[in-house]
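Have a look at the structure below, then the notes.
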Protein chains: 4
Amino acid sequence: MIGGGQGAFIGAVHRIAARIDDEYELVCGAFSSDAEKSKASGVALGLDPNRVYSSYQELIEKEKQLPENERVQVISIVTPNHVHFDPTKMALENGFHVVLDKPMTFSFAEAKELQKVVKQSGKRFCLTHTYTGYPMVKEARQLVKSGKLGNIRKVYVEYPQGWLSTFLEGSDNKQATWRTDPGKSGIAGAMGDIGTHAFNLAEYVSGLEVTKLCADINIVVEGRKLDDDGAVLLKFNNGASGVLVATQIAAGEENNIKIRVYGEHGGLEWQQADANTLQVKWLDKPAEIWRTGGGYTSSFASHNTRTPAGHPEGYLEAFANLYRNFALTVKADLDNQQAKPEWLDFPGIEDGVRGMAFIENVIASGKSDQKWTTFNI
Amino acid sequence: MIGGGQGAFIGAVHRIAARIDDEYELVCGAFSSDAEKSKASGVALGLDPNRVYSSYQELIEKEKQLPENERVQVISIVTPNHVHFDPTKMALENGFHVVLDKPMTFSFAEAKELQKVVKQSGKRFCLTHTYTGYPMVKEARQLVKSGKLGNIRKVYVEYPQGWLSTFLEGSDNKQATWRTDPGKSGIAGAMGDIGTHAFNLAEYVSGLEVTKLCADINIVVEGRKLDDDGAVLLKFNNGASGVLVATQIAAGEENNIKIRVYGEHGGLEWQQADANTLQVKWLDKPAEIWRTGGGYTSSFASHNTRTPAGHPEGYLEAFANLYRNFALTVKADLDNQQAKPEWLDFPGIEDGVRGMAFIENVIASGKSDQKWTTFNI
Amino acid sequence: MIGGGQGAFIGAVHRIAARIDDEYELVCGAFSSDAEKSKASGVALGLDPNRVYSSYQELIEKEKQLPENERVQVISIVTPNHVHFDPTKMALENGFHVVLDKPMTFSFAEAKELQKVVKQSGKRFCLTHTYTGYPMVKEARQLVKSGKLGNIRKVYVEYPQGWLSTFLEGSDNKQATWRTDPGKSGIAGAMGDIGTHAFNLAEYVSGLEVTKLCADINIVVEGRKLDDDGAVLLKFNNGASGVLVATQIAAGEENNIKIRVYGEHGGLEWQQADANTLQVKWLDKPAEIWRTGGGYTSSFASHNTRTPAGHPEGYLEAFANLYRNFALTVKADLDNQQAKPEWLDFPGIEDGVRGMAFIENVIASGKSDQKWTTFNI
Amino acid sequence: MIGGGQGAFIGAVHRIAARIDDEYELVCGAFSSDAEKSKASGVALGLDPNRVYSSYQELIEKEKQLPENERVQVISIVTPNHVHFDPTKMALENGFHVVLDKPMTFSFAEAKELQKVVKQSGKRFCLTHTYTGYPMVKEARQLVKSGKLGNIRKVYVEYPQGWLSTFLEGSDNKQATWRTDPGKSGIAGAMGDIGTHAFNLAEYVSGLEVTKLCADINIVVEGRKLDDDGAVLLKFNNGASGVLVATQIAAGEENNIKIRVYGEHGGLEWQQADANTLQVKWLDKPAEIWRTGGGYTSSFASHNTRTPAGHPEGYLEAFANLYRNFALTVKADLDNQQAKPEWLDFPGIEDGVRGMAFIENVIASGKSDQKWTTFNI
């Protein structure tokens, strides 16, 4: 693991996610750019001190020198955005598979570059758009794919948060500080942090691609340097339209990312606050409540379910599904076997490139007087 | 009553609404432009056949000739949009108070004209934006007004329907036919029928006024002549921004108009599907569930509540609140008394003009390549 | 109307319910046993003072002397329980149809006596168990009847209130005072007021009859003279079992009467807080959300629906359904026509007798050391 | 681990729960009474084959012979009920801490005996009543303890399932087979499997103890040998009363265990289907929605929370909280430190004894003609 030292939020989440299904063992880490902190974090995690490194470069170099059956196989990179590209590139080019936190890179240019690196490396790459790991999100995608809703006409996706309603970066809140710092987060704040999640969810569930967008991007809290709020009109490649909302100043909101998709014959609705339910609505008959663990769900949902219906699976399980599927895929490769479609169903480099393009295009649109901005990629 | 003959939907709703609180008696009507149908409808409603008229002109003229204590006092006009302006103008100019269904007129020009007529007539005028009649919508407005949420930063309003997901006007569905007919509905379909409701609700609850908008207006169902779908980015006069969604092609949706408003310290959420609940969310403490009939609500809510908490008040009661408050106001006038603020809290000519301006501006924006269209009024 | 003078709650509700569908006109009343108060109430309601009477006896006698086409046809009796039997009997015996508030009588003996009176009178009789007036409650009954759930195995019904959590009868709360007074309410408090509603709902929806019960009946608030809380184990005539809960000391609860019924193949759930939804659950497929106004509902639901799906119908509409169906039935009688099954679907004398038997048996069981008390009737 | 071989449900759950917080490492196991199966399961789990044993006796004996710093410290026992007592007793007497699945033993007599064994052994013991591991369940307990609800008057607890609606034990469903087999489950079916969970939750949250009960215990599905349904009236040691429902034949229900507790001033409601929400209701003010991760929750909730509010924590996390707190307690013992109250907040031997007493008493009450059965312990 690179990054994720003491005090970091997402690093701990990655470690739990990796542990849940017992497909990974944490063997080494460079947990901080501060060597002392990295060491302390590694020791606290019970690692062999010899494999706690002071930098990602050291980690990659030293691990590469270990015998193949001892060295780390998959490197998780959980640093802030501005330290995504370099370690990922180096890891891939040195033969390691990579799990990377989103948004993928600091800039769109890096994203395009990374796409080439992944392709050339032949290594597996996973980008942790967690929400696509929920069984009922997977079911939603399969339902759209099945054609039962008919052609898709409308996509509404939203990710409302309230935690940045005040000038939190003025205190010593580590999360708030780096996420609102253009030097660490890039050109986007809310749009990068949660807008990309909403964007990815919309494309994942609908199976469509955004082709044009029109954005209203705001800095609501005085003194903030990056957007903390935005709303985006969307056009998709099949002619459907949509709305994407991402805000961090909806005071009182938690993390209720939500999607609704409507086709000719019916619609679907999913939200994280009721993550194990997929509402399926029909034009002429009663709406249905599809549930995680229901005997009627697709293999994409059931493969990602651990407990019988009614025992809620949460955010960490969704996260773990990414790690598990990635592991199953890597193992299939090692065994020279074909990975099953259910295993390959984790976000990858294409999602990452599209996510960075979203950031690029949505910020450009926010600054434009023209209504529609073409989704350049 | 003008319009609302047999087979019409909203006329029956108006009559129930007027009856609920026993402040009105239906005494005359011109229920259809077809004299036979009007007569038949009037008889079915138990009216004196002498006061069932063949046209609105006849109604107004004949009623005016009746002694003051016999003639009708308030005329409800529930015709399709293209027959709003003339009868309303004539009724007001002949000394009758008017309750009019929304949207107010066929065009914005008519709306401006009607505004003058109302002013000159000195008569009372109510426009039936029903949703502002719900006790918890009134409570929402009072909560914003109280300042407890702080300055308002964000308004999300949506009105999703699914009933026009197919080419229903191709069958003999009366509702679908006139609502999708530019000759009867005016320049807007969904935006006029339900967009105006959403717009009115947003301004009513937030206490703000839209100053700019950016609209994506669509005709989704092939062959349809008016918009059946749209999404609008909004800017308000205090700097807040918002999103308005109105669609009639969200297959499987009913009529769940919903609003969320966020200020510096908290937010609120109301939706018709749970009409007696107002969710109030706070930055640093548990969200609260405010309920119709709760002892802690404002006089604006309690005045519009008939039953103890937990006995749901519905759409017809909300509608009845408009009629009741209008009657209380008219009676206060007759008694030369000051109407209470709670009584005056019904939508009027200003709401109507703004609603028609919304239609005008939103359709213009839909056609424009520029991002922002100034809200002209 | 007998009872329901100024300050009374349920009288006003009856009047609204009767008005909503325009099938009734209020023509006379004896609104209070105090002649002055009765007069004042009648005047406030706009009645002809000559038809505002000082006692129910006077009302019945005087109205009977009026020509048939002038006299009142249906008498609503909305007095406290101890003044139910006498006026009802007298009204029926003098040729008037009666709508009576629940519970039907002061004692079970009166109920049995009234049953004979109704039969001998040949007049129509309606007991206002309001909750069976909700469209989705009617749908629930039809669903059970259809056999789709299979044989019914389990019935859970509950009516939790919190309003009597304190010694409210110690203040001058009129409702609390008579409802906790054995001289006015009879042998039961909560079990009579809301337990009978729950009991009626259970039998109505399940189509079953209780044959045995085992009750835990409590007076929770110190100083109270009648039960304010109870829970009852039930056995039904088909071998099914159930639980009935009725309490007035569940602090914070409103009036969320709720029923769940389970058969071999699935179950259903309805609650007043979401009155327009019927949840239908299946053993092997997704649960369904049936809604008031859905095109797929039975004629028993659609007949009792006024607005398109998504415009909530509430408590007053449910109440109005009782009045409307009663009127349709009375009119069918007058026209020598067969009343439709949908019209006859209002609670009557049999429900009243069973309700009073429930009170009798449940209070007896509460005092018994034996587990099961046979449901004597 | 003892039990939990391939195909078992709860064993896998225990292993995930133990892994989540990285406080445990699985080092040995006797996964089946069939030596072959045990070996296969252990190998699949990646264990050293030398530490995969053919019986629990072998496991305990062999592990005891290992040096203290190598041998297993905590033994998880996840066998069917009839194989709980012997391995637990042997493990404790040989110096191992034990985590045991519920219900604790096959019979009440075993439970009493085990209570002595635990005491004499001086070892730590945890019984996996999972639901008490949810942060919001812990919050509920703390809220009652704080006295803010006043004296508790009413407790409603229910655990409805539908999975045994058919004669599933007639097929080769492993779960259904042993759970309905008196030789493996003991004298109770539903009451043992889920009734004990409901009972434990009621006592845990309310802080009260049941003193009397009155049970209706049923075998609904023909041919079944143990109860699959029951409802129980409860009396508590402070005079409060309650109702407990546990059923496995509520067709269409999943696992929505739910509790409501009411005191003089307010009430609370929690259910697994919305596990991160605690509804708190008040007599005179709006109900509140307390959420996992809310900044206002007690240390008992926050200590058991891993992710920011709105990222749902589920069943596995609740289970993991038991394992984590047990580990923290064991480690505190090893370090000769005082375990914090938050760490000691896991179910133990007393809960187990009371749970087995519940089974004993509830089944006795089910057979009794007397209304109340004293809760003997």
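Below, chains carry the letters A, B, ... as their sequence lines are ordered, and counting in each starts from 1. No hydrogens, no waters, no symmetry mates; every other heavy atom, side chains included, goes into these values.
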Pair count under 4.5 Å, heavy atoms only, with chain A: among D:Gln272, D:Gln161, D:Glu254, D:Arg291, highest is D:Glu254
For A:Tyr24, the ring-ring contact (aromatic ring centres under 6.0 Å, His included) test, sequence neighbours excluded, returns A:Tyr323
Distance col, row A:Glu25:CD vs D:Glu25:CD, nearest 0.5 angstrom, shows 7.5 Å
Ranked by heavy-atom pairs below 4.5 Å to chain A, first place among D:Glu317, D:Glu253, D:Glu313 goes to D:Glu317
So CG of D:Leu26 and CG of A:Asp22: to nearest 0.5 Å the spacing works out to 8.0 Å
message = Using a 6.0 Å cut-off, check whether atom CG of D:Asp48 has over 12 heavy atoms from anything other than its own residue.
response = yes
Honestly, the part of A:Phe319 sitting under 4.5 Å from a heavy atom of chain D is neither
Taking a cut-off of under 4.5 angstrom between non-hydrogen atoms, the residues of residues 10-19 of chain D near chain A are D:Val13, D:Ile16, D:Arg19
When the 4.5 angstrom heavy-atom criterion is applied to A:Asn256 and chain D, the contacting part is neither
With a 4.5 Å cut-off on side-chain heavy atoms, are D:Asp274 and A:Asp274 touching? no
Sorted by chain and residue number, the ring-ring contact (aromatic ring centres under 6.0 Å, His included) partners of A:His129 (sequence neighbours excluded) come out as A:His197
Residues of residues 305-312 of chain D with a heavy atom under 4.5 Å from any heavy atom of chain A, in residue-number order, are D:Arg306, D:Thr307, D:Pro308, D:Ala309, D:Gly310, D:His311, D:Pro312
Scored by heavy-atom pairs under 4.5 Å with chain D, the best of A:Leu45, A:Asp21, A:Ile20 is A:Ile20
inquiry  = Around atom CD of D:Gln73, are there more than 12 heavy atoms from other residues, nucleotides or ligands closer than 6.0 Å?
reply    = no
